[in-house]
Amino acid sequence: MRLEALGQVPDPEGQGAARSEAQAGGEQIRPWRRLKNMVHWSPCVVSFRKRYPWVQLAGHAGNFKAGDFGRILKKHCSNEQQCLERLVSDTLQPYVPAYYGLVEHEGETYIQMEDLLSGFDAPSIMDCKMGVRTYLEEELEKAREQPCLRRDMYDKMMAVDPAAPSPEEHTQQAVLKPRYMQWRETLSSTTTLGFRIEGIKKANGACSTSFKKTRQPEQVRQAIWDFVDRDRHILTNYLGQLKDMRFVLEQSDFFKAHEVVGSSLLFVHDHSKLARVWMIDFGKTVPLPAQRTLTHRLPWVEGNREDGYLWGLDNLIALLGKMLSE
């Protein structure tokens, strides 16, 4: 079995970047072999048991392990475990990985869940981060309570946009974490559309994670068209599933009562035109105080805990609909 991954991480500040020399979404990308943090970005492990020997591409060894056929093991996270346990009896269950409990492996605890790609043959995969922010309000509060100038975050800002730091930050050659966290979200379509493409891996092995500055709807459309190889049938399948998912989300007791941050939609299809969408990664999904609910559509104002998930899904559905009407 071969394990590969694409997507997001509970602490994005620790992310690396990897790209292929092929073009994806009009951006230059580095060789696939340089992927060093892909497994750090997503709870989804891609297994190609039919054709390849087992290889794990991982930035942090031990985050994922091979499970029994059709299952994967993900390093234990209490938030994710609690969410998956609650989702077993929620209307959202068909749209999330099946949960098979905890297992011990080599002295570590892992969550055992469904390998969402086991039914596909050489799939293409896209990870879309949903919502208007990828940090919890408590993370922002904690960073403000314990201000600390960060040289590493300054360096990351400089690598993306040398004009982004203020004159004072240039002098200090460091930025505060809250400043970096909020700046990072403005680069992509996270703030403008309520979702962003985190990465795309094509069936031919080409991979791109170079979407940090993919902000405009036209850029997003081009990336999605490339992902589906301009196949309108596959795009239609995805659109139908997103509409069904939205309806279920609006009815879900779990969804109403949780702040959903850093979660992704995983899009998967293969040459047979089989196409599926799942919600993945609940490491930052936290319950609200008793009796409190979210609309997931209202603008986020610090303190209201709105995450913009449904606003982003509305925009994604509208974008795909417009693409099919062109």
Side-chain angles (χ1 to χ4, degrees), residues 1-8 20 22 24-25 32 38-39 41-52 54-55 57 64 66-72 74 84 87 91-100 113-130 195 197-208 220-249 263-281 313 316-317 319-321 323-325:
M1 179 176 67
R2 180 175 179 174
L3 300 184
E4 302 166 356
L6 181 61
Q8 109 57 31
S20 161
W32 172 253
M38 294 299 283
V39 84
W41 291 341
S42 176
C44 177
V45 174
V46 183
S47 60
F48 297 103
R49 295 179 173 84
K50 298 179 182 178
R51 300 182 181 179
Y52 302 105
W54 188 88
V55 176
L57 303 176
F64 289 90
D68 295 331
F69 186 82
R71 299 183 183 185
I72 59 169
K74 181 181 180 182
L84 291 172
L87 284 164
T91 55
L92 269 177
Q93 194 280 324
Y95 296 95
V96 301
Y99 172 65
Y100 300 111
M113 67 180 79
E114 176 186 8
D115 178 354
L116 299 174
L117 285 91
S118 61
F120 292 85
D121 183 18
S124 292
I125 309 157
M126 178 171 70
D127 181 304
C128 279
K129 188 78 61 198
M130 300 303 295
F195 71 91
I197 297 174
E198 194 77 358
I200 290 175
K201 183 258 177 189
K202 301 288 291 293
N204 63 9
C207 176
S208 175
V220 178
R221 281 197 294 269
Q222 289 178 5
I224 294 175
W225 274 130
D226 179 70
F227 168 60
V228 300
D229 293 316
R230 304 199 69 84
D231 189 314
R232 299 176 71 85
H233 179 78
I234 291 174
L235 196 63
T236 299
N237 284 346
Y238 280 139
L239 178 58
Q241 290 184 53
L242 290 175
K243 288 180 177 179
D244 291 343
M245 182 185 290
R246 178 172 62 182
F247 176 80
V248 174
L249 282 167
S263 181
S264 290
L265 289 181
L266 185 74
F267 294 75
V268 187
H269 67 266
D270 62 19
H271 60 86
S272 71
K273 300 189 187 298
L274 175 64
R276 287 292 309 274
V277 184
W278 288 275
M279 293 178 66
I280 60 171
D281 199 345
L313 185 55
L316 181 56
I317 288 171
L319 186 143
L320 265 59
M323 289 169 64
L324 287 168
S325 69

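FYI, the numbering just counts along the sequence from 1.
- The backbone N or O of Ala98 sits less than 3.5 Å from a side-chain atom of Glu114, completing a donor-acceptor pair.
- Distance alone, capped at 3.5 Å, is enough to place a donor-acceptor pair between the Gln241 side chain and the Val277 backbone.
- Proximity of a side-chain donor or acceptor of Ser124 to a complementary backbone N or O of Ala203 within less than 3.5 Å is detected.
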Practice problem: Let me see the working for Leu92 and Met279 under side-chain contact (heavy atoms from CB on, under 4.5 Å), right down to the final yes or no. | Solution: CA-CA 9 Å; Leu92 269 177; Met279 293 178 66; 4.0 Å; yes

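- Partners of Ser272 by side chain to side chain contact (heavy atoms under 4.5 Å, CB included), not counting sequence neighbours, listed by chain and number: Asp270, Leu274.
- Listed by chain and residue number, Tyr238 satisfy the ring pair (Phe, Tyr, Trp, His ring centres under 6.0 Å) test with Phe267 (two or more places apart in sequence, or in another chain).
- In this structure Asp229 satisfies the salt bridge (charged side-chain N to carboxylate O under 4.0 Å, His left out) test together with Lys202, sequence neighbours excluded.
- Checking Leu316, Asp281, Asp127 one by one against Leu265, the side chain to side chain contact (heavy atoms under 4.5 Å, CB included) holds for a single residue, Leu316.
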Practice problem: Test Met126 against Ile224 for side-chain contact (heavy atoms from CB on, under 4.5 Å), laying out the working first. | Solution: CA-CA 9 Å; Met126 178 171 70; Ile224 294 175; 4.2 Å; yes

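- With sequence neighbours excluded, no residue forms a side chain to side chain donor-acceptor pair (under 3.5 Å) with Asn204.
- What you find for Pro123 and Lys201 is that their closest heavy atoms are O-NZ, 3.5 Å.
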Quiz item: Going through the distances and angles, do Arg71 and Asp115 end up as a side-chain contact (heavy atoms from CB on, under 4.5 Å)?
Solution: CA-CA 5 Å; Arg71 299 183 183 185; Asp115 178 354; 5.6 Å; no

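- Evaluation of the side chain to side chain contact (heavy atoms under 4.5 Å, CB included) rule for Thr91 yields Val248, Ser252 as partners, not counting sequence neighbours.
- Residues forming a side chain to side chain donor-acceptor pair (under 3.5 Å) with Lys273 (at least two apart in sequence, or on another chain): Asp231.
- A search for side chain to side chain donor-acceptor pair (under 3.5 Å) contacts involving Arg232 returns nothing, not counting sequence neighbours.
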Practice problem: Mind running side-chain contact (heavy atoms from CB on, under 4.5 Å) on Ile200 and Ile125 for me, showing each step along the way? | Solution: CA-CA 6 Å; Ile200 290 175; Ile125 309 157; over 6 Å; no

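- Listed for the Ser263 side chain is a donor-acceptor partner under 3.5 Å among the backbone atoms of Ile280.
- Remark: Arg230 pairs with no residue by the side chain to side chain donor-acceptor pair (under 3.5 Å) rule, at least two apart or across chains.
- Taking the centre of each ring, Phe227 and His269 come in below the 6.0 Å mark.
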